[in-house]
Amino acid sequence: MKNRFSWFNATSLTLGFAFLYIPILLLVIYSFNESKLVTVWGGWSTKWYASLLDNTALKEAAWVTLRVAFISATIATVLGTLAAITLVRMGRFPGRTLFSGMIFAPLVMPEVITGLSLLLLFVALNIDRGFWTITLAHITFTMCYAAVVVQARLQDFDKSVEEAAMDLGATPVNTFFQVTLPIIAPSVISAWLLSFTLSLDDLVVASFTTGPGATTLPMKIYSQVRLGVTPEINAISTILIGIVTVGVLAAAYFTKRQSERQERERRIAFGASD
């Protein structure tokens with residue numbers, strides 16, 4: 001029996017997407033509101049974007065958030081890639097179950113537990129909480145997501161390409177950087193973007209591991225929302241939505257170009273072999 005796209009399925013999908021995206025659309029629209037009251041429409045205006053330039057607290061929080069997200073995403077992607085290679089290529093080594101469990105534990109661990117345990121660790125080690133403790137915390141819980149993304153790509157990787165490169169005289173290190181890494185590059189980039197987005201969005205873990213002078217943008221927005229939503233918050237949220245959207249579109253474009261290039265090279269290789 002064929003599965004048909006019924007009206008019930010169409011209605012369910014429409015309502016589901018509307019529930020997810022209409023609030024975001026309203027937030028973007030009201031970021032251009034002339035009125036100071038976010039619930040009263042007063043006409044179109046971009047003055048709240050201009051006022052962000054004078055809001056030192058929000059700019060400092062945004063700068064801290066971007067630095068934390070960039071550093072943590074980069075380190076988490078490197079460590080996650082190495083962890084994925086270890087799980088896929090090293091076979092059944094002693095301690096594999098414990099190793100994989102420690103990597104994937106943050107996926108199922110509540111953020112409150114993760115944040116509290118990291119806070120207790122930093123206190124026990126007498127580490128002053130601030131920018132670097134937030135960065136370390138974000139590396140800890142984003143690394144597992146990067147490992148999952150890269151591991152999924154490595155599991156269906158054609159090892160004969162690497163074997164051919166080493167048969168031609170390439171060392172294992174050269175093979176990785178010149179053959180393996182370019183092939184898995186789309187998944188590595190996806191892992192970095194996912195880690196960057198998770199770090200950019202985090203509130204709970206950062207709240208436990210922050211210190212003086214290290215307020216992230218989600219923490220700043222949350223503290224202001226408790227006193228009432230202002231149009232500036234709508235404006236900065238719209239900018240964040242734009243950044244994430246551009247990043248996702250760029251990653252999709254790069255992945256498509258990479259797949260097309262690999263397909264052309266595969267056809268050329270098969271044509272030359274014939």
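For the side chain to side chain contact (heavy atoms under 4.5 Å, CB included) criterion with Arg153, the lone passing option out of Val88, Ile183, Thr81 is Ile183.
One finds the CG atom of Leu194 at 4.5 Å from the CG atom of Leu198 (value rounded to the nearest 0.5 Å). Here the straight-line distance linking atom SG of Cys144 with atom CD1 of Ile139 works out to 13.0 Å at 0.5 Å rounding. Rounding to the nearest 0.5 Å gives a distance of 11.5 Å between CZ of Phe131 and OG1 of Thr209. To the nearest 0.5 Å, atom OG1 of residue Thr133 and atom CG of residue Leu119 are 9.0 Å apart. For the atom pair Trp48 CH2 and Glu34 CD, the distance stands at 8.0 Å (nearest 0.5 Å). Atom CG of Leu193 sits about 8.5 Å away from atom OG1 of Thr77, to the nearest 0.5 Å.
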For this session: Report the C-alpha separation of Val204 and Phe141 in whole Å, then their side-chain angles, then the decisive distance to 0.1 Å, and conclude whether the side-chain contact (heavy atoms from CB on, under 4.5 Å) test is met.
Result: CA-CA 12 Å; Val204 178; Phe141 82 88; over 6 Å; no
Problem set entry | Working for side-chain contact (heavy atoms from CB on, under 4.5 Å), residues Val123 and Arg129 | CA-CA 8 Å; Val123 171; Arg129 294 184 299 279; 3.4 Å; yes
For this session: Take Phe70 and Thr74 through the test side-chain contact (heavy atoms from CB on, under 4.5 Å) and record every step on the way to the result.
Result: CA-CA 6 Å; Phe70 181 82; Thr74 302; 4.2 Å; yes
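Side-chain contact between Trp44 and Ile29 is present, with at least one heavy-atom pair separated by less than 4.5 Å. Using a 4.5 Å heavy-atom cutoff, the side chains of Thr210 and Thr216 are not in contact. Side-chain atoms of Leu240 and Leu217, non-hydrogen and from C-beta on, do get closer than 4.5 Å to each other. In this structure, Leu87 and Phe99 have side chains that are in contact, with non-hydrogen atoms separated by less than 4.5 Å. Side-chain contact between Asp202 and His138 is present, with at least one heavy-atom pair separated by less than 4.5 Å. The shortest distance between side-chain heavy atoms of Phe208 and Leu118 does not fall below 4.5 Å. In this structure, the side chains of Phe196 and Leu66 come closer than 4.5 Å at one or more pairs of heavy atoms. Residues Glu60 and Thr56 are in side-chain contact: their nearest non-hydrogen atoms beyond the backbone lie under 4.5 Å apart.
Cluster annotation: Ile134 and Val112 are assigned to distinct hydrophobic clusters (Ile/Leu/Val/Met/Phe/Trp/Tyr, side-chain heavy-atom contacts under 4.5 Å, transitive). By the rule that hydrophobic residues join a cluster once side-chain heavy atoms approach within less than 4.5 Å of another member, Ile233 and Ile239 end up as members of one cluster. No single ILVMFWY cluster, assembled from side-chain heavy atoms under 4.5 Å apart, contains both Val246 and Trp192. Cluster annotation: Ile184 is connected to Val179 through the hydrophobic network of ILVMFWY side chains, with a link wherever side-chain heavy atoms come within less than 4.5 Å. Residues Leu98 and Val108 are members of separate hydrophobic clusters, defined by side-chain heavy-atom contacts under 4.5 angstrom among Ile, Leu, Val, Met, Phe, Trp and Tyr.
Residues Leu27 and Asn234 come closest through the heavy atom pair CD2-O, 3.6 Å. Scanning all heavy atoms of the two residues, the minimum distance from Phe104 to Ala147 falls at CE2-CB, 4.4 Å. Nearest approach of Leu52 to Ile236, heavy atoms of both residues: CD1-N, 3.9 Å. Considering every non-hydrogen atom in both Val205 and Glu111, the closest pair reads CG2-O, 3.9 Å. Heavy atoms only, all atoms of each residue included: Pro218 and Leu200 are closest at CG-O, 3.3 Å. Taking both residues in full, the closest heavy atoms of Ser195 and Ala146 are given as OG-CB, 3.9 Å, listed atom of the first, atom of the second, then distance.
Side-chain atoms of Ser31 and Tyr49 form a donor-acceptor pair, as typed in the model, at a separation below 3.5 Å. Defined by atom type and a distance below 3.5 Å, a donor-acceptor pair is present between the side-chain atoms of Asn174 and Thr171. A donor and an acceptor atom, one from each side chain of Ser72 and Ser199, are located under 3.5 Å apart.
In this structure, Phe17 and Tyr21 have parallel ring planes: the angle between them is below the 30° cut-off, well short of the 60° mark.
The number of heavy atoms from other shown groups lying within 6.0 Å of CE (Met102) does not exceed 12. Within a 6.0 Å radius of CG in Asn126, no more than 12 heavy atoms belonging to other residues, nucleotides or ligands are found.
Ser45 places no side-chain N or O within donor-acceptor distance of the main-chain N or O of Phe32, the cut-off being under 3.5 Å. Judged by distance alone, the side chain of Lys220 and the main-chain N or O of Ala57 form no donor-acceptor pair under 3.5 Å.
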